[in-house]
Amino acid sequence: MHQQGSLMPPLLGDVFCQCRAAETHPGVDPGGGGDPSSAAPSTPVTQQPRPGDGPSAPGQTPHPCDICGGPEQDHRLKVLFQVLDVNGDGGICVNDLTIGLKKLGVHRTEHELMKIVKAGDKDLDGQLDFEEFVHYLRDHEKKLRLVFKSLDRKNDGRIDSQEIMQSLRDLGVNISEEQAQKILRSMDKNGTMTIDWNEWRDYHLLHPADNIPEIILHWKHSTIFDVGESLTVPDEFTAEEKRMWWRHLVAGGGAGAVSRTCTAPLDRLKVLMQVHGSKRNSMRITGGFAQMIREGGVRSLWRGNGINVIKIAPESAIKFMAYEQIKRLMGSNQVTLGISERLVAGSLAGAIAQSSIYPMEVLKTRLALRKTGQYSGIVHCAKHIFQKEGVAAFYKGYVPNMLGIIPYAGIDLAVYETLKNSWLQRFAKDSADPGVFVLLACGTTSSTCGQLSSYPLALVRTRMQGQASLEGGPQMTMTGLFRHIVRTEGFMGLYRGLAPNFMKVIPSVSISYVVYEHLKIRLGVHSK
């Protein structure tokens with residue numbers, strides 16, 4: 001669904017579906033008059049009877065329309081392809097679309113046409129061959145079907161003005177009933193003041209609706225899935241959700257606190273293995289746990305967890321505020337951003353948030369590495385670092401941490417979008433809501449891939465943060481530490497602690513999801 005300004009291009013049904021008259025009046029020639037649209041097919045599905053259409057004449061078989069219905073799907077698409085391939089070279093480029101659509105009375109901006117070609121151009125040759133053209137239309141129509149089903153709240157096969165108003169209101173766009181009726185009239189061709197599937201499909205068929213908010217908003221990701229990392233891209237929120245932003249932050253913070261507390265022993269083990277692990281001291285999971293308990297008892301498994309929980313709230317709030325401001329600076333007036341825009345805005349917001357709370361990251365590492373009786377608490381640890389090492393110590397490892405944001409966020413988003421689109425292509429039928437299991441599977445997989453891509457940087461960051469805790473150990477720069485690890489431990493030395501890190505992903509995701517949903521209900525924030 002688009003905002004009002006983008007809901008009023010010419011209706012493709014005016015051009016593609018003249019043959020509907022032939023379905024009810026077989027004597028009418030749908031291609032009469034030599035109109036350039038006479039050869040233009042509609043969409044790759046069989047035309048269904050429309051409310052308001054009359055029955056076929058007695059004894060007549062419905063016309064197997066080559067333009068907007070009938071079984072000859074490939075033929076219909078081939079005819080449309082031939083109409084748009086104005087120079088007859090077997091490929092549709094932006095210039096072909098511009099000229100071909102103008103002949104059909106359909107006007108799109110050059111930017112919109114470029115997005116259509118880019119979306120369907122699999123071999124990156126700058127144009128759509130017939131196979132790419134068919135694949136694009138089928139994929140695009142499936143997305144339109146999902147949106148139509150979601151807008152059709154009464155499930156009666158029609159969208160009326162009230163449903164349009166409510167759907168736009170959910171996306172933060174408030175319109176009057178008069179404006180909603182104006183939108184309806186732009187698509188309604190049979191005078192019912194409702195939009196059926198055929199009218200909706202024809203209207204949007206060659207419009208590049210590649211960023212459908214309805215689909216994106218069903219696929220919440222970063223806020224729900226807390227895996228103890230700080231490099232995720234912020235979620236998209238509707239205007240209605242932004243008015244209750246503090247409740248979402250409280251729910252997300254509470255979910256993160258429970259999740260991180262439950263998996264804190266694995267997180268501390270990861271830190272110990274990253275800093276103390278080497279070829280000579282090959283720390284294993286069972287041996288690491290035994291060592292921690294032997295040195296400080298069972299309670300020592302949670303060292304560093306207090307500051308890890310405390311930093312959730314300020315980091316989330318700063319990241320959320322920064323993300324919204326960056327979106328405004330980017331000049332985006334969309335309800336939701338595309339994946340590339342999200343990556344840029346999210347990475348910048350993450351960098352700002354991390355810069356603001358980074359001393360807490362250093363404190364978390366030092367507290368996790370401390371020996372029994374070394375520090376009495378967070379404040380004592382901070383004073384000790386300041387007195388012994390100065391202010392600069394609170395920013396050790398800052399550079400690799402900032403560099404890690406881009407690969408983590410980029411891989412995480414890319415994998416998530418790929419899994420989401422794959423599920424939509426293969427399994428989505430009547431709704432874009434995948435259900436809890438698919439959400440957890442996609443979130444876990446994408447987060448795992450994101451962590452894997454940035455893990456060497458995370459390891460170097462942690463070692464730099466904890467260098468002072470190693471008595472007599474060298475104080476190295478980022479590049480020096482990389483070279484030292486590869487030289488002394490091999491390439492796999494950059495992945496020490498990976499096993500406990502991955503072991504905590506699934507429980508972290510599952511716990512944070514359950515707690516987040518529970519807290520949202522308790523706080524009066526109900527999912528749509």
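Residues: numbered from 1 along the sequence shown.
- Between W423 and L419 there is no side-chain heavy-atom pair separated by less than 4.5 Å.
- Across L343 and S347, no two heavy atoms sit closer than the pair O-OG, 2.7 Å.
- In M114, the CE atom is not crowded: 12 or fewer heavy atoms of neighbouring residues, nucleotides or ligands sit closer than 6.0 Å.
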Derivation of the side-chain hydrogen bond (donor to acceptor under 3.5 Å, both in side chains) call for R294 and S300: CA-CA 9 Å; R294 190 165 53 247; S300 69; over 6 Å; no
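- Using a 4.5 Å heavy-atom threshold, the side chains of V460 and P456 count as separate.
- Separation of atoms CZ (F289) and CG (L301) is listed at 6.5 Å; rounding is to 0.5 Å.
- For the pair L519 and V250, the minimum side-chain heavy-atom distance is 4.5 Å or more.
- At distances below 3.5 Å, not a single donor-acceptor pair connects side-chain atoms of R461 with backbone N or O atoms of P400.
- Note that the CD atom of E315 and the CD atom of Q354 stand 5.0 Å from one another [nearest 0.5 Å].
- Rounded to the nearest 0.5 angstrom, D412 CG and L452 CG are separated by 12.0 Å.
- Between K520 and R247, the closest side-chain pair of non-hydrogen atoms is not below 4.5 Å.
- Put simply, the side chain of I378 reaches to within 4.5 Å of the side chain of I310, judged on heavy atoms.
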Trace of the side chain to side chain contact (heavy atoms under 4.5 Å, CB included) decision for R463 with I485: CA-CA 10 Å; R463 284 207 180 179; I485 293 172; 3.5 Å; yes
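- Between the S454 side chain and the Y408 main chain, no donor and acceptor come within less than 3.5 Å of each other.
- With hydrogens and angles disregarded, no donor-acceptor distance shorter than 3.5 Å links the side chain of E163 to the backbone of D152.
- Side-chain polar atoms of S355 and Y398 form a donor-acceptor pair below 3.5 angstrom.
- When side chains are defined from C-beta on, Y323 does not count as touching F320, because their heavy atoms never get closer than 4.5 Å.
- Across F394 and Y358, no two heavy atoms sit closer than the pair O-CD2, 3.3 Å.
- Partner of E361 under the side chain to side chain donor-acceptor pair (under 3.5 Å) criterion, out of K311, Q465, R366: K311 alone.
- For the pair E295 (side chain) and T372 (backbone), a donor-acceptor distance under 3.5 Å is present.
- In this structure, R268 is not positioned above the aromatic face of W302 in the sense of NZ or CZ being under 6.0 Å from the six-membered ring centre and within 45° of the axis.
- T477 places none of its side-chain heavy atoms less than 4.5 Å from the side chain of L481.
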L403 and M478: CA distance, side-chain angles, deciding distance, side chain to side chain contact (heavy atoms under 4.5 Å, CB included) verdict: CA-CA 11 Å; L403 293 177; M478 179 183 74; 3.9 Å; yes
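- No more than 12 heavy atoms of other residues, nucleotides or ligands lie within 6.0 Å of CD1 in I506, so this atom counts as exposed by the packing criterion.
- Within the 3.5 Å criterion, the main-chain N or O of H484 finds a donor-acceptor partner in the side chain of T488.
- In this structure, E131 places its CD atom where only 12 or fewer heavy-atom neighbours from other residues, nucleotides or ligands lie under 6.0 Å away.
- Classified by interplanar angle (parallel below 30°, tilted 30° to 60°, perpendicular above 60°), the ring pair Y375/H380 is perpendicular.
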L363/I385 under side chain to side chain contact (heavy atoms under 4.5 Å, CB included): CA gap, chis, key distance, verdict: CA-CA 9 Å; L363 284 172; I385 294 173; 4.0 Å; yes
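- A donor-acceptor pair is defined here as one N or O able to donate and one able to accept, closer than 3.5 Å; such a pair exists between the side chain of S453 and the backbone of G450.
- From T448, atom OG1 reaches atom CD1 of I411 across 13.0 Å, with rounding to the nearest 0.5 Å.
- The closest donor-acceptor contact from the side chain of S446 to the backbone of G443 lies under 3.5 Å.
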D160 vs K154, side chain to side chain contact (heavy atoms under 4.5 Å, CB included): CA-CA, chis, key distance, verdict: CA-CA 9 Å; D160 58 29; K154 299 175 185 176; 2.6 Å; yes
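- Between Y455 and Y495, the two ring planes are parallel [angle under 30°; tilted spans 30° to 60°].
- Note that CG of D121 is 13.0 Å distant from CD1 of I116, once rounded to the nearest 0.5 Å.
- Of the possible polar contacts, none joining the E341 side chain to the K327 backbone as a donor-acceptor pair under 3.5 Å is found.
- Of the candidates L269, L266, V509, K504 forms a side chain to side chain contact (heavy atoms under 4.5 Å, CB included) with just one, namely L266.
- Between G304 and R370, the shortest heavy-atom distance links the atoms N-NH1, 4.1 Å.
- Scanning all heavy atoms of the two residues, the minimum distance from C262 to I511 falls at CB-CD1, 3.7 Å.
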Stepwise salt bridge (charged side-chain N to carboxylate O under 4.0 Å, His left out) test for E112 and K118: CA-CA 10 Å; E112 290 173 334; K118 184 178 180 182; over 6 Å; no
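- Using a 4.5 Å cut-off on side-chain heavy atoms (C-beta onward), I352 and I326 make contact.
- Separating the OG1 atom in T261 from the CG atom in D267 is a distance of 10.5 Å, to the nearest 0.5 Å.
- Residues that satisfy the salt bridge (Lys or Arg N to Asp or Glu O under 4.0 Å) test with R260, not counting sequence neighbours, are D226.
- Here the shortest heavy-atom pairing between A257 and V309 reads CB-CG1, 3.6 Å.
- When the options Q274, R496, Q451 are evaluated for a side chain to side chain donor-acceptor pair (under 3.5 Å) with N501, the one that passes is Q451.
- L459 approaches L494 most closely through the heavy-atom pair CD1-O, 3.6 Å.
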